[in-house]
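Report on the structure given below.
Just follow the structure's listing: the first ligand is 1, and inside any ligand the first atom is 1.
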Amino acid sequence: MQFIDLQAQRRRIETEINSAVQRVIESGRYVLGPEVGELEKQLAAWCGAKHSVSCANGTDALSLPLMAWEVGPGDAVFCPSFTFVATAQVVPALGATPVFVDIHADTYNMDPASLEAAIARVKAEGKLTPRVVIAVDLFGQPADYPAIKAICDREGLKLIADNAQGYGCTLNGKYSSDWADISTTSFFPAKPLGCYGDGGAMVTNDSRLAELVESLRVYGKVTPTDAAQRNFHHDPKYLSLRIGMNSRLDTIQAAILLEKLKLFAEEIELREKVARRYSEALGGKVLRVPHVIEGGQSVWAQYVIEHKNRDGLQAHLTASGIPSMVYYPVPIHQQDFAARFAPPAGSLPVTETASCHVLALPMHPYLSTEDQDRVIAAVLGFNG
Ligand SMILES: *Cc1c(COP(=O)(O)O)cnc(C)c1O
C-alpha cells in the first residue's frame, strides 16, 4: 500500500499524458508555450476568477505577490505556524517579519481570534507595520475566509490564500480567491492537483496585481499598462522595470496538468468517499477525526487523525505494513530558521498540542476499499 499512489492515476491516463508530453517535445515551445496560457485560463475559470498566472512552484507563488506589494524590512506578515515551512519562509526571505498565529483545534486552520490578538500586539508594540495575512487551506480545507477577510478589511491588510494543499476546495460554494487578494497554489506531485515535477500558480480577481506578478516572474518585464504609459526607445522585450525573478512553468508540466484537470472533479469526489469511510469507522475511536468547517468542501490533500499516543500508533501501523506521515512534527516557530521570530513559549498552545498528536493516513483517489479496510483495522487494532 502507498501513502499517495501517483502511479494509479498515471496508468489511468497514460496514453493521454504520453501524447501530450510528446506534442510539447515536438513543438519546441518548452517554456511558456501555448499550453501554459491554456492552463492559466482553465485554472482561473475553475475558480470563477478573472486571472491566473502560473509560476515555477508554490513557494514563488507566495513570494511574487509579496514582492508586488513591496513587502520588506519593518513589515509584519501574519501566518500560521502549523503549516509547511514555505508559508512562513518567504517572509524573512524578503526581509519582512513573520508573526505566527494559532489555529483552530478542529480544522487546523488559522484562528481569527488569534489573528486579531496578534495584530493588536504588533500595533501596540509599534515596531512593525502590519501588511499582509497569509491564511492556509491546510490538508485541503478552506480557512475561515469570511472572518479573516473581515479582519483584513478592517485593518487594511492584504490577504493571501496559501491554497497549495487546497486547490479546488470551497466554502459555501466559493473559492479562496473570492475572498483573498490572491490565492496561490503548488503543483508539487503529491498535492491534490500535482504535475510531474515542480509547478505553481496564482489566481486573482485583481487585474493590476495579476499584471505585476506576471511581470515579476520574468525579471520585472514591461506590462501592457507600462507600455501604454511610457514610450520605450527599445524593444520592451528586453527591458526590466522592477526586480523580479525567473519563475516560469514548463510547458510540459502545463500539458500534463491540462490532462489531469479533466479528472480533477471526479478525484475530489473519490477522495471525499475515502474520507467519509475512514471517519465513519474511526469517529469516536481516536482522539480526533477530521472536522471540516461548516459549508466547506475539502479536497483532502491529507486525512489526519489525532491520537494521544501518536508515535505508538505510527509504529504499530508501520509494523502492520501501513504507511503514515506526521504533518507537522515541528511547528514553524520552533524551527531553527525562525528562532529570531519565535513568540514566547506557550503562546501557540493549539499548534503545539496538535503537532504532538497528528497522524496522516494513506489518502488518494484510487485507494481501494480493501486497503481502506486494512488501514481502519490497523488503527482500531492499536491499544496503546
Ligand atoms: C507544498 C506547499 C507549499 C510550497 O509549494 P512548492 O511547490 O513545494 O514550492 C507552500 N505552502 C503549503 C501549505 C504547501 O503545502
Side-chain angles (χ1 to χ4, degrees), residues 3-4 6 36 39 43 52-67 77-94 98 100-101 103-104 107-110 132-143 145 148 159-169 176-177 180 182-203 213 216-217 245-250 253-254 256-257 260 271 298-304 325-333 335 337-338 351 354-355 358 360 363-364:
F3 184 70
I4 297 177
L6 298 173
V36 175
L39 175 71
L43 291 171
S52 170
V53 179
S54 61
C55 60
N57 55 65
T59 307
D60 288 353
L62 289 163
S63 299
L64 286 161
L66 294 175
M67 290 166 72
V77 176
F78 301 86
C79 65
S81 173
F82 195 67
T83 171
F84 181 61
V85 287
T87 307
Q89 202 166 92
V90 294
V91 176
L94 291 169
F100 295 105
V101 174
I103 51 169
H104 269 306
T107 62
Y108 308 113
N109 277 335
M110 180 179 274
V132 179
V133 173
I134 306 180
V136 179
D137 300 325
L138 201 73
F139 303 147
Q141 73 154 308
Y145 287 109
I148 294 168
L159 175 58
I160 297 178
D162 181 348
N163 191 230
Q165 301 180 11
Y167 183 80
C169 76
S176 56
S177 48
I182 193 160
S183 176
T184 68
T185 200
S186 162
F187 303 125
F188 182 79
K191 312 281 181 181
L193 183 61
C195 61
Y196 289 172
D198 279 309
M202 298 157 277
V203 174
V213 292
L216 290 166
R217 83 171 170 186
M245 57 165 89
N246 171 16
S247 184
R248 299 173 293 215
L249 182 68
D250 290 346
Q253 301 301 348
I256 290 166
L257 285 162
K260 288 192 169 206
R271 286 172 185 271
S298 177
V299 296
W300 297 106
Q302 305 294 344
Y303 183 92
V304 172
M325 297 283 218
V326 175
Y327 301 117
Y328 292 91
V330 183
I332 298 182
H333 70 284
Q335 306 241 7
F337 86 86
T351 294
S355 65
V358 287
M363 166 55 83
H364 62 86

*Return the set of residues passing ring-ring contact (aromatic ring centres under 6.0 Å, His included) with Phe139 (not counting sequence neighbours), or none when no residue passes.*
Tyr108
Can you pull every nitrogen or oxygen pair between ligand 1 and the protein closer than 3.5 angstrom?
residue, atom, partner, partner atom, Å
ligand 1, 5 (O), Ser186, OG, 3.3
ligand 1, 7 (O), Gly58, N, 2.7
ligand 1, 7 (O), Ser186, OG, 2.7
ligand 1, 9 (O), Gly58, N, 3.3
ligand 1, 9 (O), Thr59, N, 2.9
ligand 1, 9 (O), Thr59, OG1, 2.5
ligand 1, 11 (N), Asp162, OD1, 3.3
ligand 1, 11 (N), Asp162, OD2, 2.7
ligand 1, 15 (O), Gln165, NE2, 2.8
ligand 1, 15 (O), Lys191, NZ, 2.6

*Excluding sequence neighbours, so at least two apart, what forms side-chain contact (heavy atoms from CB on, under 4.5 Å) with Phe84?*
Ala86, Tyr328
_Contacts of type side-chain contact (heavy atoms from CB on, under 4.5 Å), residue Thr83, not counting sequence neighbours_ = Pro80, Thr87, Val136, Leu138, Ile332
*Within the side chain of Thr185, is there an N or O that forms a donor-acceptor pair under 3.5 Å with the backbone of Asn163?*
yes
*asked:* Under the side chain to side chain contact (heavy atoms under 4.5 Å, CB included) test against Phe187, which residue among Pro192, Cys195, Cys55 passes?
replied: Cys195
*Determine the minimum heavy-atom distance between Ser247 and Asp60, stating which atoms define it.*
OG-OD2, 2.7 Å
